[in-house]
*Asks:* 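This structure is in structure tokens; I'll ask about it shortly.
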Amino acid sequence: MLQIKNLHASVEDKSILKGINLEVKAGEVHAIMGPNGSGKSTLASVIAGKEEYEVTDGTILLEGEDIEDLAAEERAHKGVFLSFQYPVEIPGVSVTNFMKTAINETRKAKGLPDMPANEMLKMIREKSELLEIDRKFLSRSLNEGFSGGEKKRNEIFQMAMLEPKLAILDETDSGLDIDALRIVANGVNKLKSKDNAVIVITHYQRLLDYIVPDFVHVLYKGRIVKSGGKELAHELEEKGYDWIKEEVDA
Amino acid sequence: MSKYTEDDLREELKTKEYEYGFFTDIESETFPIGLNEDIVRAISMKKEEPEWMTEWRLEAFKVWKAMEEPDWANVNYTKPDFQAIAYYSAPVAVDPNKTLDDVDPDLLAMYKKLGISVDEQKKMNNVAMDIVVDSVSVATTFKKTLAEKGIIFMPISEAIKEHPELVRKYIGTIVPTTDNFYAALNSAVFSDGSFCYIPKGVKCPMELSTYFRINQGGTGQFERTLLVADKGSYVSYLEGCTAPSRDENQLHAAVVELIALEDAEIKYSTVQNWYPGNAEGKGGVYNFVTKRGLCEKNAKISWTQVETGSAVTWKYPSCILKGDNSVGEFYSIAVTNNHQQADTGTKMIHLGKNTKSTIISKGISAGKSQNSYRGLVQISSRADNARNFSQCDSLLMGNECGAHTFPYIEAKNKTAQIEHEATTSKIGEDQIFYCNQRGIDTEKAIALIVNGFSKEVLNKLPMEFAIEAQKLLEISLEGSVG
């Protein structure tokens with residue numbers, strides 16, 4: 001699904017990623033953990049194609065295709081989805097209208113006609129039930145006045161609607177209370193299949209109790225310094241990141 | 001495949017031409033340039049006007065000569081040379097008494113290009129239309145259907161002859177000849193426009209529409225609209241405008257007067273798309289317009305405008321809330337791009353008791369443009385329990401444009417309730433990236449964000465107009481994020 005080789009990236013000439021290697025296969029869940037400022041969100045933005053980030057070396061392959069020169073929307077059309085840590089507000093644009101536009105733009109890029117309205121409605125109904133979203137919520141302006149939990153739930157709702165191949169969840173657990181966390185995690189688990197993959201970026205092990213990863217990677221100073229199974233997450237929860245820092249900086 | 005950058009977009013915008021910028025070579029009769037009493041008389045004579053009208057014009061001309069062009073607006077432009085403009089131009093083949101079959105085929109071809117059908121068989125659903133090209137009205141559709149209800153909808157030049165008592169009673173009562181420089185000029189030289197009268201208790205069954213077009217070069221357009229809604233009547237009126245692309249600046253100085261008698265309601269919507277000039281700021285229409293309405297008891301006037309065109313706009317559709325319980329509304333979207341300048345807003349004059357006004361203004365600035373909201377809310381001493389709510393939002397794109405808000409409030413009655421809210425925001429890279437990440441390209445993302453921003457006002461427009469306006473917003477702003 002995703003192959004990242006020796007990825008170096010910088011923003012405003014500041015080098016942040018310094019040689020990332022990562023392979024994510026279809027059907028897998030990978031967790032990326034690490035202390036603040038280690039480059040976790042940068043990695044997510046670079047994969048999604050944010051313009052300010054410059055790839056200085058290395059490659060990103062999505063299903064074998066180099067996506068480095070593709071614009072963010074083209075990557076989205078190929079099935080890359082990013083659940084944002086801080087989703088932005090778009091006043092006056094309803095969640096429904098936004099989703100309709102996103103789905104139809106993606107279909108247009110694939111040479112498909114707009115999704116028929118009844119099909120769209122059916123899909124919205126199903127997916128909003130899956131995430132226990134009140135239908136009224138969907139007519140509100142995108143993220144405007146949403147609570148932290150509503151914003152994150154809305155991100156996962158969009159993921160459900162767009163059915164991506166590769167979903168990157170950037171700190172989806174931050175700002176969620178335990179009930180919201182469970183709903184969001186349930187949603188992600190139900191959307192998981194053998195044909196798609198999920199990268200969970202998180203600070204804490206908490207979310208990983210609900211979305212169980214196949215692999216856990218520790219990112220520090222722009223490199224993956226340790227990889228392991230889900231037990232690595234527990235170890236980090238217990239011991240913090242200091243021992244890893246010491247190991248690396250030694 | 002390389003990325004489609006903002007620079008590519010900007011480049012594309014520059015080469016994007018004004019869609020209505022063509023010129024139609026129709027044979028026209030144009031007066032010599034310059035303005036003096038003889039020209040004023042000649043216009044009046046050309047129109048076969050009665051003596052009182054000629055005198056009224058001459059009086060206005062006298063007033064105008066003593067006035068100076070105002071310069072308090074937040075706009076910069078070379079003042080027009082009023083002696084270098086031709087004050088009358090008319091397509092010669094047009095004779096208002098002839099039927100559509102007699103209309104110059106070139107003229108009909110021009111309408112077709114503008115997307116207007118004057119053919120009643122193929123007309124827009126339920127819209128009666130008056131079309132003004134340069135100085136004269138060339139076609140009014142649906143006259144008969146309207147006449148059955150007693151509704152008068154015709155070129156003002158005809159109304160002066162056919163219904164002199166009505167025109168004489170109301171013209172200049174809302175915007176007097178002495179009101180301001182451009183209104184005085186318009187009063188002296190206006191050549192056509194629309195007149196509309198809705199009788200007592202009649203709900204006008206269709207949208208009335210006037211379409212203005214400047215075609216001839218070196219001319220000014222000075223149209224005059226007078227709309228009277230008698231007691232308990234209702235009318236929705238639409239106004240659209242375009243002009244050819246020219247290097248020179250063309251002057252458009254219109255006057256619109258609305259009179260809503262007791263319990264009447266007037267909804268007046270404008271989509272203004274005059275030529276804005278090119279990307280370097282050369283050419284474009286100077287749009288200096290005076291629009292004002294009077295509300296008697298329980299009456300309501302609602303102005304909705306979508307302003308995307310003109311090089312310079314100076315325009316303040318206003319309401320005089322004279323009668324008790326009367327209501328004034330102003331909903332505006334003003335878009336400026338490249339070197340456009342707009343100074344627009346409204347005046348709500350509360351004279352009656354329990355009068356209410358609402359102002360929603362959405363300014364969108366891109367390129368190197370300047371966009372100002374200027375509004376006055378005035379509560380007189382006898383206007384007990386007057387209420388006003390104003391909201392002025394500005395959206396900026398790029399770092400070279402400006403948004404300004406000048407709200408004036410004068411309250412002389414302690415029971416007044418006045419609320420004012422203002423916001424300024426910028427289309428952020430983050431918003432664009434968020435949309436991109438969901439598969440929406442930058443151009444579509446801007447359209448989505450702008451439409452969301454303008455929604456409250458777009459919703460006030462009649463349906464067909466709203467869709468048109470939405471498209472117009474997208475065209476005006478394509479690729480303007482920096």
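Bear in mind the structure is a predicted one, so any value in this text is a computation, not a measurement. By convention in this document, chain letters (A, B, ...) are assigned in the order of the sequence lines, proteins followed by strands, and residues within each chain are numbered from 1.
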*Asks:* Is the NZ atom of A:K127 crowded by more than 12 outside heavy atoms at less than 6.0 Å?
*Replies:* yes
*Asks:* Could you pull out the closest heavy-atom pair between B:G452 and A:V93, with the gap in Å?
*Replies:* CA-CG2, 3.8 Å
*Asks:* Go through the atoms of A:N143 and report whether side chain, backbone, both or neither lie under 4.5 Å from a heavy atom of chain B.
*Replies:* side chain
*Asks:* Counting only heavy atoms closer than 4.5 Å, note whether A:E89 contacts chain B via side chain, backbone, both or neither.
*Replies:* backbone
*Asks:* If we only count heavy atoms from C-beta on, is the A:E52 to B:F433 side-chain gap below 4.5 Å?
*Replies:* no
*Asks:* Take atom NZ of A:K78 as the centre, draw a 6.0 Å sphere, and report whether it contains more than 12 heavy atoms from other residues, nucleotides or ligands.
*Replies:* no
*Asks:* Compare every heavy atom of A:E105 with every heavy atom of B:D441, then report the nearest pair and how far apart it is.
*Replies:* OD2-OE1, 4.4 Å
*Asks:* Verify the neighbour count for atom CZ of B:R387: are there more than 12 heavy atoms of other residues, nucleotides or ligands below 6.0 Å?
*Replies:* no
*Asks:* Under 4.5 Å heavy-atom distance to chain B, tell me which part of A:P164 shows up: side chain, backbone, both or neither.
*Replies:* neither
*Asks:* Crowded around B:K368 NZ? As in, over 12 foreign heavy atoms under 6.0 Å?
*Replies:* no
*Asks:* Could you please spell out the steps behind the side-chain contact (heavy atoms from CB on, under 4.5 Å) verdict for A:F98 and B:I440?
*Replies:* CA-CA 9 Å; A:F98 184 68; B:I440 302 166; 3.7 Å; yes
*Asks:* Working to the nearest 0.5 angstrom, can you tell me the gap between A:K50 NZ and B:N436 CG?
*Replies:* 10.5 Å
*Asks:* For A:A109, is it the side chain, the backbone, both, or neither that has a heavy atom closer than 4.5 Å to a heavy atom of chain B?
*Replies:* neither
*Asks:* Chain A heavy atoms under 4.5 Å from B:Y434: which part of the residue, side chain, backbone, both or neither?
*Replies:* both
*Asks:* Is it the case that over 12 heavy atoms from other parts of the model lie below 6.0 angstrom from the CD atom of A:E65?
*Replies:* yes
*Asks:* So does A:K192 have more than 12 non-hydrogen atoms from other groups sitting under 6.0 Å from NZ?
*Replies:* yes
*Asks:* Which atom pair, heavy atoms only, marks the closest approach of A:H77 to B:G439?
*Replies:* NE2-O, 2.8 Å
*Asks:* Using a 6.0 Å cut-off, check whether atom CG of A:D13 has over 12 heavy atoms from anything other than its own residue.
*Replies:* no
*Asks:* Quick check: do B:D430 and A:F84 have side-chain heavy atoms less than 4.5 Å from each other?
*Replies:* no
*Asks:* Find the one option among B:K455, B:K444, B:Q437 whose heavy-atom pairs under 4.5 Å with chain A are most numerous.
*Replies:* B:Q437
*Asks:* In terms of heavy-atom pairs under 4.5 Å, which option from A:L82, A:I90, A:L142 contacts chain B the most?
*Replies:* A:L82
*Asks:* Report the option among A:T101, A:I103, A:N104, A:N97 that has the most heavy-atom pairs separated by less than 4.5 Å from atoms of chain B.
*Replies:* A:T101
